[in-house]
Chemist: 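Dumping the structure here so I can ask a few things about it.
This chain uses plain numbering: 1 for the first residue, then up along the sequence. These values consider heavy atoms only, across backbone and side chains, with no hydrogens, waters or symmetry-generated copies.
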Amino acid sequence: MTAKRQILVTNALPYANGSIHMGHLLGYIQADIWVRAMRSAGHDVIYVCADDAHGTAIMLRAEANGISPEEQIKKVQAEHERDFAGFNVAFDHYDSTHSDTNRKRSEEIYLANFNAGNISIRPVSQLFDPQKQMFLSDRFVKGTCPKCKADNQYGDACEKCGTTYNATELLNPYSTLSGATPILKESDHYFFNLPNFAEFLQTWTRDQGRLPVSIANKLDEWFEAGLSNWDISRDKPYFGFKIPNTEDKYFYVWVDAPIGYMASFENYIKAHRPEICFDNYWKKDSDKEVYHFIGKDIVYFHALFWPAMLHGANYRTPTSLFVNGFLTVNGEKMSKSRGTFIKAETYLKHLNPEYLRYYFASKLSDKVEDSDLNLDDFVLKVNSDLVGKVVNIASRCAKFINTQFDNKLSDTCVESELVNSFIAKGDDIIKHYENREFGTAIREIMALADIANQYIDEKKPWALAKENPNSKEVQDICSVGLNLFHKIMVYLAPVLPTLAKQSQAFLNVANFDFNARFDVLTHSIHEFTPLMQRVDPKKVQAMVDDSKEDLQTAEKTDKKSSKKESKTVENTNSTDNFIGIDDFAKVQMKVAKVLECSKVEGADKLLQFTLDVGEDKTRNVFSGIAKFYSPEELQGKTVICVTNLAPRKMKFGISEGMILSAEKDGQLTVVLLPDSMVAGATLA
């Protein structure tokens with residue numbers, strides 16, 4: 001028996017500015033399954049989360065709704081907790097980053113870093129809305145492009161000509177919040193000196209098992225480019241925590257958000273388990289385990305800023321980051337117009353949440369890969385596996401035990417070798433769960449279900465019962481079948497807690513922990529009732545149609561709301577993985593010929609390119625692909641270059657674009673085009 005481990009698990013904090021949807025649920029369901037599996041294996045696991053409740057977007061949303069930010073976040077938190085419970089995502093404690101505990105912990109970590117010399121202050125010039133009396137980020141400024149003179153362009157890039165610029169360069173700028181003409185105003189900002197931790201972070205990110213290999217490789221590019229100081233302050237008005245010893249400066253939301261993991265755990269201790277010592281989990285030399293389940297879009301904050309802040313304040317850092325990819329639906333990005341941007345609430349109106357838990361589990365692995373929710377495959381897989389295989393075992397056997405043997409199973413198991421083979425598979429299945437190889441675990445469990453159904457088919461208890469209704473042989477066969485069903489449900493319990501609970505009651509057993517697989521059932525069971533219905537494709541379509549109606553309702557609401565807020569506020573949910581067509585249109589991709597390619601002295605991972613992008617223009621581009629390609633392999637090739645990225649200053653020179661490549665399992669492949677394509681051609 002493995003020694004009992006003490007584990008703290010957290011999920012990425014959903015932003016308190018919108019609803020939970022299918023893309024969010026992928027990561028939460030993954031974490032919940034892992035927590036349940038580790039508990040089933042006998043470990044002590046605490047599972048906490050919280051709403052990410054601060055920021056300009058929430059302040060503006062509350063203002064638009066005519067309520068206080070506190071009322072806004074309280075309302076959204078209740079919705080989030082309802083939706084998580086609906087999908088059996090069972091946090092031990094669900095909190096909010098807007099708590100006194102989090103404020104105190106954030107101030108403490110900040111002051112520790114300040115006193116250690118990890119905070120600096122310098123003036124920053126920004127556009128300021130004199131009517132709203134607030135500094136404006138790029139997304140809240142529009143004006144005329146300084147190059148092509150196109151009107152109504154955002155403060156970072158022109159959608160028409162692709163030019164990038166600073167918001168201060170816009171002609172005739174105006175605030176999207178008030179329509180006022182912004183003025184240039186200087187303000188002192190507070191910076192976290194991330195370069196102080198470069199050596200520590202390079203070692204930390206390369207520790208065995210700390211990060212997925214593909215993520216660690218990607219972070220190497222940041223180290224090679226050189227880490228920059230991180231602006232951690234925002235000027236009032238801002239909904240958040242005030243920075244200690246200041247009058248009008250607030251912590252940027254990404255400062256106190258991860259500290260919310262600690263605060264939520266601390267509040268859990270206060271409310272439920274005061275015998276636990278907070279410091280035992282978070283002190284520098286803690287032997288406890290801390291895991292963060294996050295999406296790949298927020299790795300940068302969790303793998304650089306967060307461990308650096310903790311290290312600078314003399315706290316321990318996470319044991320590992322478990323990173324999931326994005327979710328597509330029917331092979332495409334979730335779409336409101338197609339009805340595939342599905343909210344958790346909408347799904348629950350139509351379908352059993354365990355369908356989705358099972359489908360996601362069958363897709364998930366320990367790799368940072370995107371997952372696809374193919375709705376046709378979803379129907380087929382759930383109906384085939386759960387109804388057609390697993391539940392079918394119980395249904396086929398229970399009716400004979402219930403009706404012909406007074407609910408009593410056989411006193412002895414006549415197929416001990418078969419039953420023991422199911423028990424023996426438990427070690428592998430448990431290890432797959434522990435390694436987050438859920439898809440592999442599901443395949444092995446379904447293979448057992450196939451064997452169980454094959455056994456019943458071969459023995460044909462229905463034929464024997466027809467000849468002799470009270471035959472001991474029928475009782476023995478069906479008892480074996482229900483013992484096999486018992487093992488299968490023990491293994492599926494972390495994925496399907498509701499079905500497991502129903503099966504546990506039917507089988508009249510005390511628990512479905514992994515050790516329960518060793519039990520051989522010889523007692524009386526209860527009356528069998530249907531455990532799961534087949535997925536009705538009509539209900540799936542109704543869910544999709546409802547999601548389209550949600551869009552229509554939202555569009556009507558948007559038209560009624562203030563134009564000042566517009567779609568900018570709607571798209572500020574930090575955990576969404578989607579962009580609008582307007583955002584995508586900003587990306588300019590061109591056919592580029594590799595004129596020169598060479599290694600960069602002093603940077604093992606970088607290659608330097610001179611690219612012909614047409615119109616007698618060349619671009620100097622650095623790319624972190626030296627471990628995958630030699631310069632000779634790419635010399636003269638035709639590639640895709642994103643040409644309207646802001647130039648990036650590196651210690652080896654300025655990079656003026658990005659070469660597109662595909663990544664899988666830590667391997668990068670440059671996207672190559674036919675040599676016949678003309679340099680400078682725009683890809684659409």
Side-chain angles (χ1 to χ4, degrees), residues 12 113 118-120 156 164 189 191-232 252-255 257-258 292 294-312 317-318 320-326 368 574 577 587 599-609 619-629 641-642 644-670:
N113 277 288
N118 298 323
I119 306 294
S120 57
D156 54 357
T164 58
H189 275 232
F191 291 83
F192 181 76
N193 300 332
L194 192 62
N196 292 1
F197 300 89
E199 184 177 347
F200 160 74
L201 289 171
Q202 281 188 287
T203 301
W204 189 85
T205 56
R206 282 298 177 184
D207 280 354
Q208 184 68 30
R210 183 85 71 182
L211 299 171
V213 174
S214 60
I215 297 297
N217 289 340
K218 185 66 178 176
L219 290 173
D220 281 347
E221 295 181 22
W222 292 94
F223 293 124
E224 289 171 0
L227 301 178
S228 301
N229 288 348
W230 175 38
D231 190 342
I232 62 169
Y252 174 45
V253 62
W254 270 107
V255 174
H292 299 318
I294 62 170
K296 66 182 182 181
D297 54 328
I298 53 175
V299 164
Y300 187 73
F301 293 99
H302 284 81
L304 295 179
F305 299 127
W306 177 226
M309 280 200 302
L310 288 169
H311 187 69
T317 55
S320 293
L321 303 181
F322 295 152
V323 184
N324 64 269
F326 296 151
V368 188
S574 64
N577 303 325
V587 180
K599 292 184 176 179
V600 178
E601 187 175 349
D604 295 337
K605 303 289 178 66
L606 290 179
L607 292 180
Q608 183 173 5
F609 292 83
R619 294 286 183 101
N620 182 68
V621 173
F622 292 96
S623 182
I625 57 174
K627 66 178 291 186
F628 306 102
Y629 290 93
C641 180
V642 177
N644 65 335
L645 286 178
R648 183 177 172 193
K649 186 176 181 181
M650 308 172 74
K651 64 180 179 180
F652 309 104
I654 295 177
S655 186
E656 301 173 302
M658 180 179 72
I659 294 174
L660 290 193
S661 59
E663 182 271 331
K664 185 174 183 181
D665 297 339
Q667 297 296 312
L668 284 177
T669 303
V670 171

Chemist: What distance do Phe622 atom CZ and Met658 atom CE have between them, rounded to the nearest 0.5 Å?
Modeler: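 Between atom CZ of Phe622 and atom CE of Met658 there are 16.0 Å.
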Chemist: Of all the heavy-atom pairs spanning Arg206 and Asp220, show the shortest one and how long it is.
Modeler: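 For Arg206 and Asp220, the tightest heavy-atom pair comes out as NH2-OD2, 2.5 Å.
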Chemist: Does some side-chain heavy atom of Lys296 sit less than 4.5 Å from a side-chain heavy atom of Pro212?
Modeler: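 No, side chains not in contact.
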Chemist: If you round to the nearest 0.5 Å, how far is CZ of Phe192 from CD1 of Ile119?
Modeler: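 Interatomic distance, Ile119 CD1 to Phe192 CZ, rounded to 0.5 Å: 6.0 Å.
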Chemist: Tell me if the NZ atom of Lys218 is crowded by more than 12 foreign heavy atoms within 6.0 Å.
Modeler: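 No, the 6.0 Å shell around NZ holds no more than 12 heavy atoms from other groups.
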Chemist: Check for me whether the distance between the ring centres of Trp254 and His302 falls short of 6.0 Å.
Modeler: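 Yes: the rings meet the under 6.0 Å criterion.
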Chemist: Between Gln202 (side chain only) and Phe223 (backbone N and O only), is there a donor and an acceptor less than 3.5 Å apart?
Modeler: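 No; zero donor-acceptor contacts below 3.5 Å.
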Chemist: Do His311 and Leu201 have side-chain heavy atoms sitting under 4.5 Å apart?
Modeler: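 Answer no - side chains too far apart.
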Chemist: Report the distance from atom CG of Leu660 to atom OG1 of Thr669, rounding to the nearest 0.5 Å.
Modeler: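 So the gap between those two atoms works out to 13.0 Å.
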Chemist: Locate the shortest heavy-atom distance separating Ile294 from Leu321; write the atom from each residue and the value.
Modeler: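 It is CD1-CD1, 4.4 Å.
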Chemist: Just so I know, are the side chains of Asn229 and Pro195 near enough to count as touching, which here means a heavy-atom distance under 4.5 Å?
Modeler: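 They are in contact (side-chain heavy atoms under 4.5 Å apart), so the answer is yes.
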Chemist: Can you tell me how far apart CG (Leu310) and CZ (Phe305) are? Round to the nearest 0.5 Å.
Modeler: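 It comes to 13.5 Å.
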Chemist: For this output row, return yes or no: ring centroids of Trp204 and Phe197 closer than 6.0 angstrom.
Modeler: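 They do not qualify: ring centres at least 6.0 Å apart.
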Chemist: Do Ile298 and Trp306 have side-chain heavy atoms sitting under 4.5 Å apart?
Modeler: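 No, side chains not in contact.
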Chemist: Ignoring hydrogens, what is the shortest heavy-atom contact between Gly312 and Asn113? Give both atom names and the distance.
Modeler: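 Distance-wise, the nearest heavy atoms are CA-OD1, 3.2 Å.
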Chemist: Between the side chain of Tyr629 and the main-chain N/O of Val670, is any donor-acceptor distance below 3.5 Å?
Modeler: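 Yes, the answer is positive, given that a donor and an acceptor are paired below the 3.5 Å cut-off.
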Chemist: Can you measure from OG (Ser623) to CD (Glu221) and round to the nearest 0.5 angstrom?
Modeler: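 Ser623 atom OG to Glu221 atom CD measures 6.5 Å (nearest 0.5 Å).
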Chemist: List the atom of Cys641, the atom of Gly657, and the distance in Å for their closest heavy-atom pair.
Modeler: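 Looks like SG-CA, 4.3 Å.
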Chemist: Which pair of non-hydrogen atoms, one from Ser214 and one from Val368, has the smallest distance, and what is that distance?
Modeler: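 Taking every non-hydrogen atom into account, OG-CG2, 3.9 Å.
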Chemist: Nearest 0.5 Å please: distance from the CD1 atom of Ile215 over to the OH atom of Tyr300.
Modeler: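 The distance works out to 13.5 Å.
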Chemist: Under a 3.5 Å distance rule, please check whether Glu656 uses its side chain to pair with a backbone N or O of Asn620 as donor and acceptor.
Modeler: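 Side chain of Glu656 to backbone of Asn620: a pair is present.
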Chemist: Between Arg210 (side chain only) and Pro318 (backbone N and O only), is there a donor and an acceptor less than 3.5 Å apart?
Modeler: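 Yes, Arg210 side chain to Pro318 backbone: donor-acceptor pair under 3.5 Å.
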Chemist: List the residues meeting side chain to side chain contact (heavy atoms under 4.5 Å, CB included) with Asn196, not counting sequence neighbours, and say none if there are none.
Modeler: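 For Asn196, the residues satisfying side chain to side chain contact (heavy atoms under 4.5 Å, CB included) (neighbours in sequence not counted) are Asn118, Asn193.
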Chemist: With a 4.5 Å heavy-atom cut-off, do Ile659 and Leu607 have their side chains touching?
Modeler: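 Ile659 vs Leu607: side chains apart.
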Chemist: Is the side chain of Thr317 donor-acceptor paired with the backbone N or O of Pro307 at a distance under 3.5 Å, no angle test?
Modeler: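 Checking the backbone N and O of Pro307 against the side chain of Thr317, no donor-acceptor pair under 3.5 Å is found.
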Chemist: Measure across Leu219 and Ala303 and return the closest heavy-atom pair with its distance rounded to 0.1 Å.
Modeler: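 For Leu219 and Ala303, the tightest heavy-atom pair comes out as CD1-CB, 3.6 Å.
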